[in-house]
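Reading through the structure tokens given below for one structure.
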Protein chains: 2
Amino acid sequence: MNTASGSPELIDKFVEFLKSKKLRKTPERFALLEYIATVPGHFTLDMMQQHADESGFHVSRATIYNTVNLLVEARMLRRHDIEGLPTQYELASTPPHSHLICTTCHKLKEVRDKYFIAFMNTRKYNAFNTQYYSHYVFGTCSTCARKRKRNAVTTKKK
Amino acid sequence: MNTASGSPELIDKFVEFLKSKKLRKTPERFALLEYIATVPGHFTLDMMQQHADESGFHVSRATIYNTVNLLVEARMLRRHDIEGLPTQYELASTPPHSHLICTTCHKLKEVRDKYFIAFMNTRKYNAFNTQYYSHYVFGTCSTCARKRKRNAVTTKKK
DNA sequence: TTTACTGCAAATATTTTGCAATATC
DNA sequence: GATATTGCAAAATATTTGCAGTAAA
């Protein structure tokens, strides 16, 4: 069965990968792929499970892990282990971007820094064959900066 | 007690942090700091524990976690969660660098890309107050590339 | 003397694995 | 029909927490 009807390129790529590894095309795998194809940015395992359950097709945690690991191996999915956040995944086909991470509230924001992207396209590391990169910028987001300032003022007033 | 005699700046910074938070200067904390000060690159919690045990001063896992978390909060230590590797730590005072990570053997290599560093110094993200960044470049290292090529040749010969 | 810290063990969280039943090929 | 996959539960791993004894201030 194939339920991921909305994303032919992803399906084709996954099918090809499964064939090459002599793995099976199970409904669970395609149901999860369908969800992945619809999410614009990052998502977690919990989100995948929740979506599957909500759409009336329960998929076990073990199978979700299995599928996600296959998709990572197939280079269709990328994994982000970021301190303070549950493991995040995103489609490898997402255009390159940087991640701004607030060290106070741990919120994550994607930004397209076109100068950075262009610059990175010029970088080569001698004997290393680059596939992709992850860029995390840590700092304080405007909301947390505002809160901190407010608290500082309050303290002074005392 | 203060055993981290070899790194006065680090000690001072940690002491100041502990004071500001009304925390105590325990021998365990300084013993771990001393180790950290001597490691050139990345290290893991296991390495810290092993070193402590070898030097005859056992420190419990809970205390190591506690200390490491304090040092991260004090911005003296940075944490790297990299897929396929145990959580890595490194001194925040280490000069900026990029990480090359082989997606096959999971080996990590630090490189100083001075053009990248210079470029990053020009980047600003509007309402975001940048503290530091992490740059991970994923790909195939020369060793794994060679192995793959060799296997391909072997397969052809059959 | 007050109370934060340590060590240990238990608790929690996350991911992997073993196995019987099932479904793909 | 052969065997890969699923779901569940148990195991393995990583980190945090509760608590009683200890030590820093």
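Letters A, B, ... mirror the listed sequences (proteins, then strands); counts begin at 1.
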Annotated protein contacts, base or backbone, on nucleotides 3-16 of chain D with a non-hydrogen cut-off under 4.0 Å, one of B, S, - each: BBSSBB-----SBB
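- Evaluation of the ring-ring contact (aromatic ring centres under 6.0 Å, His included) rule for B:His97 yields B:His99 as partners, not counting sequence neighbours.
- In terms of the side-chain contact (heavy atoms from CB on, under 4.5 Å) criterion, residue partners of A:Lys19 (sequence neighbours excluded) are, by chain and number, A:Val15, A:Lys25.
- Remark: B:Tyr125 engages no residue in a ring-ring contact (aromatic ring centres under 6.0 Å, His included) (not counting sequence neighbours).
- Residues satisfying the side-chain contact (heavy atoms from CB on, under 4.5 Å) test with A:Asp46, not counting sequence neighbours, are A:Thr44, A:Arg61.
- Listed by chain and number, the residues in a ring-ring contact (aromatic ring centres under 6.0 Å, His included) with A:His51 are A:Tyr35 (sequence neighbours excluded).
- Over its full length, the helix from C:dT1-D:dA25 to C:dC25-D:dG1 turns its helical axis through 40°, comparing axes from the five pairs at each end and rounding to 10°.
- Qualifying salt bridge (Lys or Arg N to Asp or Glu O under 4.0 Å) partners for B:Glu73, counting only residues two or more places apart in sequence or in other chains: B:Lys21.
- Scored by the side-chain contact (heavy atoms from CB on, under 4.5 Å) test, B:Ser134 finds A:Tyr136, A:Phe138, B:His80, B:Tyr136 as partners (sequence neighbours excluded).
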